[in-house]
Peer 1: 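Before I ask anything, let me first share the structure, which is written out below as C-alpha cells.
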There are 2 protein chains.
Amino acid sequence: MSPRRRDTEGAAAARAARRTELLGTAAEVFAERGYAATTVREVADAAGMLGGSLYYHFDSKESMIDEILSGFLTALWRDYDAVLARGGGAERTLRGLVTASFQAIDRDRAAVVLYQNEAKHLAPNPRFGYLAESRARFRDMWVGLLEQGSRDGSFRADLDAPVVYRFIRDTVWLAAGWYRPGGRLGADEVAQQYLALVLEGIRGH
Amino acid sequence: MSPRRRDTEGAAAARAARRTELLGTAAEVFAERGYAATTVREVADAAGMLGGSLYYHFDSKESMIDEILSGFLTALWRDYDAVLARGGGAERTLRGLVTASFQAIDRDRAAVVLYQNEAKHLAPNPRFGYLAESRARFRDMWVGLLEQGSRDGSFRADLDAPVVYRFIRDTVWLAAGWYRPGGRLGADEVAQQYLALVLEGIRGH
DNA sequence: TACCCTACCAAACACTTGTTAGAAAACAGG
DNA sequence: CCTGTTTTCTAACAAGTGTTTGGTAGGGTA
C-alpha cells in the first residue's frame, strides 16, 4: 500500500468521523426541538459553526435525518437478527428483542426519539422508503413471534393479535421519551421491568 | 330578553360553532403533517378558504393549537374527575380511566395525536403552562392509584413504581397512532384488550 | 331600496427558511 | 516558509412563512 493511498484513506476516515460527530449533535437538536421546527442554523450552532458550513459535509437538511435514521435502523436490525438467529423459544426471543431495543435506546436515544416522532411524516417521501420496509419487517417479526408463542403455550392464546402486536411494538420504544443513560436504572434493568409488566401484568396474584 | 339581545347571542353562537368547525379541520391537518411542518395556508385550504381568512377567526397559528389542546384537556379531565369521584377500588378506577382515555381517542383522535406529538415541544412556552400542570396532575393521579392498588393487593407490589407509572401513562395513548373509529373494534373493545394486557400480561397460564 | 355587518378575498409586508458561491482561514507536507 | 488541500466563514439568493391591511360579496334589517 503506497503512502499516498494511506493518506487518502486516513483523510476519508477522518472525514467520516467528523460526519458521524455532526450527525450526533444534529440528532440531538432534531430530537429536542422536532425536525421540522429545527433550523439548520440551530444545528450548526450546536456544532460550533455557521449554517452554511454544514453544506460542506451534507447535501441538505433532509440528507442528515436520512443518514441518522438509516444508520439507526441498520444497527438495530443487526441486533434483532442476531437475537432471531439465536433461537430458543418464543419467550426467550421476546426477552432478547426487548432487551436489544432498550440497549438501542441506551446507545442512541436521540435517533430513537427521531424515529418515533418523525418516521410517520417522512415515510410518504420515496427517499425514505426503507422506513416502510422496516415497519413491515417489524410487523412480520412480531406477529410471527406472537403466533409461535401462542401455539406452544408461551403466551396466552385469547388475545387479539393485531392489538397485541401494536401494543408490543409501540411499548418497546416508549422509554426513549424519558429514559436517560446514567440514571437510577440501567437499560437492562428497565428492560427487566418492562418484560415483567408485559409478561405478567400488574394485577396482584 | 330583547330581540336585539337574542340576535347577538345567536350570532355569537354561530361564530363559536364556526370556530369549533375550523379547529376540527386544523387539528386534523396538524396531526397529519405535524404542527411545525403545517402551513396556515394548508389549514385554510382544507377548510376551503384562503390563508389570511383564518385570521378573522383566530389571532395566530399558535392560538389555534392552544385552543385545540386546552379544549381537549378540559374535556379529558372532566371525564377523569368523574371516574375518580365514582370511587370503588383501584382496579375499577384503573378500568374507568383507561376506558375514558380510549373514548377520548375515539371522540377526538386528532387532538390526542397532537397532544402526544407536540406537547413536549410546546410546554416550555409560558403560554402552554397548563400542559405542565396537566402532566403533574396525571402523575399524581396515576402514582396515587398505583400505590393504593399495591397496598390493598389489587396490583402487584414488586414493580418499580416510576417505571410502571410512565408505562401506564404512555400506554394509554398509544392506540391514537393507529386506531380509526368505525374499524373492526370499537373504543370500548380496544380498551378491554388493553386492560387485559396491562392487568394479566401476555404469558400463558 | 339603502344600510350594515359578517365572513371572506386579494395583495402585500417583513422575516425566516434551506441553500449556494466565493473568499478566507487552518492545516498539512515538502 | 511555501503550497495545496481541507474546512469554515461571509454574504447573499429565492422561495416560503405567519401576519396585516383594505376591499368586497352577500344576506339579513330597517
Side-chain angles (χ1 to χ4, degrees), chain A residues 1-26 29-30 33-68 118 121-122 125 127-128, chain B residues 1-26 29-30 33-68 118 121-122 125 127-128:
Chain A
M1 192 184 297
S2 72
R4 181 62 193 261
R5 175 77 189 284
R6 181 145 16 87
D7 277 6
T8 62
E9 276 184 3
R15 213 172 68 173
R18 182 77 173 117
R19 279 173 71 91
T20 308
E21 189 185 354
L22 291 173
L23 284 177
T25 78
V29 182
F30 285 157
R33 332 232 325 166
Y35 171 70
T38 300
T39 245
V40 312
R41 287 169 176 86
E42 288 172 332
V43 173
D45 200 52
M49 56 167 69
L50 268 64
S53 305
L54 279 176
Y55 288 80
Y56 174 74
H57 300 276
F58 306 100
D59 299 353
S60 64
K61 181 188 178 189
E62 199 182 63
S63 80
M64 293 186 214
I65 198 174
D66 188 350
E67 213 162 317
I68 292 167
E118 317 289 350
H121 302 132
L122 296 172
N125 185 335
R127 172 173 195 164
F128 296 89
Chain B
M1 191 182 296
S2 74
R4 182 60 192 263
R5 176 72 187 283
R6 183 148 10 90
D7 277 4
T8 63
E9 275 184 5
R15 212 172 68 174
R18 183 74 175 123
R19 277 174 73 91
T20 308
E21 188 185 356
L22 291 174
L23 283 177
T25 79
V29 182
F30 286 156
R33 331 235 322 170
Y35 171 69
T38 300
T39 278
V40 311
R41 288 171 177 84
E42 288 172 332
V43 173
D45 200 52
M49 56 167 74
L50 267 64
S53 304
L54 279 176
Y55 287 80
Y56 173 75
H57 300 276
F58 306 100
D59 297 353
S60 64
K61 181 188 177 188
E62 198 181 64
S63 79
M64 293 186 214
I65 198 174
D66 188 351
E67 214 162 318
I68 292 168
E118 316 289 350
H121 303 132
L122 296 172
N125 186 335
R127 171 172 196 165
F128 296 90

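Predicted, not measured: the structure shown is a model, and the values here were computed from it. Chain identifiers are assigned alphabetically (A, B, ...) following the order of the sequence lines, protein sequences preceding nucleic acid strands; residue numbering begins at 1 within each chain. No hydrogens, no waters, no symmetry mates; every other heavy atom, side chains included, goes into these values.
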Peer 1: Taking OP1 and OP2 of C:dC8, is either one under 4.0 Å from a side-chain nitrogen or oxygen of B:Arg18?
Peer 2: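 Yes.
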
Peer 1: Short of 4.0 Å, heavy atom to strand atom, which residues of residues 39-51 of chain B count as contacting DNA chain D?
Peer 2: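 Residues of residues 39-51 of chain B that come under 4.0 Å of DNA chain D are, in numerical order, B:Thr39, B:Val40, B:Arg41.
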
Peer 1: Looking at side-chain heavy atoms only, is the closest gap between A:Met49 and A:Leu22 below 4.5 Å?
Peer 2: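 Heavy-atom side-chain distance check passes, below 4.5 Å.
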
Peer 1: Is any side-chain N or O of A:Ser53 closer than 4.0 Å to OP1 or OP2 of D:dT7?
Peer 2: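 No, because none of the side-chain N or O atoms of A:Ser53 sits under 4.0 Å from OP1 or OP2 of D:dT7.
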
Peer 1: Taking side chain as C-beta onward, heavy atoms only, is B:Phe30 less than 4.5 Å from B:Glu118?
Peer 2: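 With C-beta onward as the side chain, the pair stays apart.
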
Peer 1: Report the residues that fulfil salt bridge (Lys or Arg N to Asp or Glu O under 4.0 Å) with A:Arg41, sequence neighbours left out, ordered by chain and then residue number.
Peer 2: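 Result, salt bridge (Lys or Arg N to Asp or Glu O under 4.0 Å) vs A:Arg41: none returned.
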
Peer 1: What's touching nucleotides 24-26 of chain D from the protein side, N or O pairs under 3.5 Å?
Peer 2:
none

Peer 1: Got a donor-acceptor contact below 3.5 angstrom from the A:Thr39 side chain to the A:Glu42 backbone?
Peer 2: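 Answer holds: no.
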
Peer 1: Run the side chain to side chain donor-acceptor pair (under 3.5 Å) test against B:Asn125 and tell me which residues pass, sequence neighbours left out.
Peer 2: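 Testing B:Asn125 for side chain to side chain donor-acceptor pair (under 3.5 Å), a comparison that skips the adjacent residues, returns B:Glu62.
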
Peer 1: Does B:His121 reach the side chain of B:Phe128, with side-chain heavy atoms less than 4.5 Å apart?
Peer 2: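 Result no, sub-4.5 Å side-chain heavy-atom pair not found.
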
Peer 1: What is the distance, to the nearest angstrom, from the CG atom on A:Leu54 to the C1' atom on C:dT17?
Peer 2: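 It is 14 Å, rounded to the nearest whole Å.
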
Peer 1: Counting only non-hydrogen atoms, which of residues 55-65 of chain B are less than 4.0 Å from DNA chain D?
Peer 2: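 Correct list: B:Tyr55, B:Ser60, B:Lys61.
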
Peer 1: Going by the side-chain hydrogen bond (donor to acceptor under 3.5 Å, both in side chains) test, which pairs reach into residues 17-26 of chain B, not counting sequence neighbours?
Peer 2: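 Non-adjacent pairs meeting side-chain hydrogen bond (donor to acceptor under 3.5 Å, both in side chains): B:Arg18-B:Glu21, B:Arg19-B:Glu67.
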
